[in-house]
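Some notes on the structure that comes next.
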There are 2 protein chains.
Amino acid sequence: MAVDRKRFIIEAATKSFTLFGYKATTMDQVAKLASVGKGTIYTFFKNKEELFEDIMITLIQEMKQAAESVVQETNSFQENVHLALFEMLQFRTKHQLAVKLFQEEKEMGTPAVSEAVRKMENAIVGYITNQVSAAIDRNEIKQCDPEIAAFIMMKLYVTLVVDWERRGNALSKEEIAQLFELYVFEGLAI
Amino acid sequence: MAVDRKRFIIEAATKSFTLFGYKATTMDQVAKLASVGKGTIYTFFKNKEELFEDIMITLIQEMKQAAESVVQETNSFQENVHLALFEMLQFRTKHQLAVKLFQEEKEMGTPAVSEAVRKMENAIVGYITNQVSAAIDRNEIKQCDPEIAAFIMMKLYVTLVVDWERRGNALSKEEIAQLFELYVFEGLAI
DNA sequence: TAAATGACCAATTTATTATTATGGTCAAAA
DNA sequence: TTTTGACCATAATAATAAATTGGTCATTTA
């Protein structure tokens with residue numbers, strides 16, 4: 001193969017999804033951007049949705065890597081969970097494609113995009129679930145259902161980072177860490 | 001005044017909002033249902049939105065009463081918070097007007113309805129905030145920001161009652177109470 | 001001759017116009 | 001003085017026309 005057409009197509013589609021979103025990205029546009037005939041796209045991908053899913057797999061991998069880059073063996077479980085969750089939620093607001101997709105999901109509810117957002121959420125919960133399971137095995141925390149725990153932790157972070165901000169002034173990273181520790185680890189009981 | 005026209009209007013509007021939602025309820029319809037000329041409505045209410053707000057105040061009062069009906073002096077704080085939150089979230093899924101409004105908010109995003117839903121949420125948080133403040137004064141729980149605590153508790157309940165159900169099988173009232181106690185009061189720390 | 005292409009098509013989306021319905025007013029009636 | 005419903009400007013909806021788009025496939029290319 002003289003030129004890596006598949007790579008060109010993926011790069012062009014990523015650019016276009018990032019700039020215009022899923023719905024407003026046309027296959028003609030991707031073909032033009034990739035300097036490729038439209039038919040060529042369909043020799044690599046069954047349809048637009050599959051092309052999008054391929055790109056989403058990469059995005060989710062990047063998000064996982066972002067989490068892994070801040071998690072450290074030597075840290076305590078709660079420190080690592082805090083860092084990982086904060087990093088992944090941050091990723092969703094910093095990575096341009098993720099931002100565009102969340103916007104499109106909220107404003108238009110494009111089905112393929114809703115599914116993609118769901119998969120990102122599952123990736124976060126899945127990653128934290130593993131951390132929780134490991135922490136239980138190491139006897140760092142109480143016995144509990146790891147998936148429910150991970151789900152609650154993620155939702156608590158969204159509550160603290162996103163929902164509370166909507167009600168007034170945002171919480172700092174340190175305040176969030178403190179609240180997380182208070183409610184999930186220490187508890188309100190005296 | 002021969003007949004209580006205002007009462008008739010409110011009853012007719014409540015029926016219509018419950019049956020058809022805010023958007024699909026017409027002032028002509030309300031007037032007909034109330035056996036009143038359309039102009040009469042505007043002698044009691046400035047416009048459709050104010051009529052709706054009047055009815056919402058009643059709905060929120062009812063929700064508060066539902067919470068108060070299950071809260072008891074002799075109960076512990078966490079028991080009362082559990083009962084109150086469960087009751088109010090239940091109220092939102094049982095009271096027909098509330099159900100209709102949540103549906104309309106989700107499907108159409110009617111601004112007046114979004115505002116109403118926001119007020120219901122504030123009412124719940126406000127009620128729990130008071131409970132938390134009182135519990136701190138009684139030294140039943142640790143010192144903490146009562147509003148953030150109430151907000152987190154409400155969100156945790158929505159997570160457990162609504163969000164987790166969407167991921168698979170629902171949790172029972174007892175499981176929810178246990179999880180609530182584990183995460184908010186006891187904590188995961190060993 | 002296998003890979004690449006873009007004109008083409010059915011189906012959907014968007015733009016345009018016509019029609020209806022609705023919130024709110026106010027002169028007349030009760 | 002209170003109540004009313006015909007009336008109106010505006011907004012929502014329906015109907016129709018025009019443009020766009022995802023996907024195909026016969027033809028071209030290397």
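Within every chain, numbering begins at 1; the chains are lettered A, B, ... in the order of the sequence lines, protein sequences first and strands thereafter. Model, not experiment: these values are computed from the prediction.
Considering only side-chain atoms of A:Lys48, the nucleotide from C:dA4, C:dG23, D:dG22 that sits closest is D:dG22. Of the listed nucleotides (D:dG23, C:dT25, C:dT5), C:dT5 has the atom at the smallest distance from the side chain of A:Val36. Ranking C:dT25, D:dG22, C:dA4 by closeness to the B:Lys38 side chain, first place goes to C:dT25.
For C:dT14, one of the phosphate oxygens OP1 or OP2 lies less than 4.0 angstrom from a side-chain nitrogen or oxygen of A:Lys23. Residue A:Thr40 places at least one side-chain N or O under 4.0 Å from the OP1 or OP2 atom of C:dT5. In this structure, A:Arg5 reaches the C:dA4 phosphate: one of its side-chain N or O atoms is under 4.0 Å from OP1 or OP2. For the pair A:Lys32 and C:dT5, the criterion of a side-chain N or O lying under 4.0 Å from OP1 or OP2 is not met.
Contact detail for B:Ala67 and B:Glu87: the closest heavy-atom pair is N-CG, 4.2 Å. In terms of heavy-atom proximity, A:Ile41 sits nearest to A:Ile9 at CA-CD1, 3.8 Å.
B:Phe52 has its CZ atom 14 Å from the P atom of C:dG23, to the nearest Å. One can place OH of A:Tyr22 at 12 Å from C1' of D:dT21, the figure rounded to the nearest angstrom. Atom C1' of nucleotide C:dG24 and atom CD of B:Glu50 are separated by 13 Å, given to the nearest angstrom. Note: CZ (A:Phe8) to C1' (C:dA4) measures 15 Å, nearest angstrom. The separation between A:Asn47 atom CG and D:dT21 atom C1' is 14 Å, rounded to whole Å. Taking atom CG of B:Leu51 as the reference point, atom P of C:dG23 lies 11 Å away to the nearest angstrom. Distance CZ (B:Phe44) to P (D:dT2): 10 Å, rounded to an integer number of Å. The distance between atom CD of A:Gln29 and atom C1' of D:dG22, rounded to the nearest whole Å, is 14 Å.
Taking the ring axis of B:Tyr22 as reference, the NZ or CZ atom of B:Lys48 stays within 45° of it and closer than 6.0 Å to the ring centre.
Each of B:Met108 and A:Met27 lies near DNA chain D, and the nucleotide nearest B:Met108 is the one positioned closer to the 5' end. Of the residues near DNA chain C, A:Ile41 and A:Asp28, the one whose nearest nucleotide (by heavy atom distance) lies more toward the 5' end is A:Ile41. Two residues, A:Thr26 and A:Gly39, neighbour DNA chain D, and the one matched to the more 5' nucleotide by heavy-atom proximity is A:Thr26.
Classified by interplanar angle (parallel below 30°, tilted 30° to 60°, perpendicular above 60°), the ring pair B:Tyr157/B:Phe86 is perpendicular.
Within a 6.0 Å radius of CD in B:Gln96, no more than 12 heavy atoms belonging to other residues, nucleotides or ligands are found.
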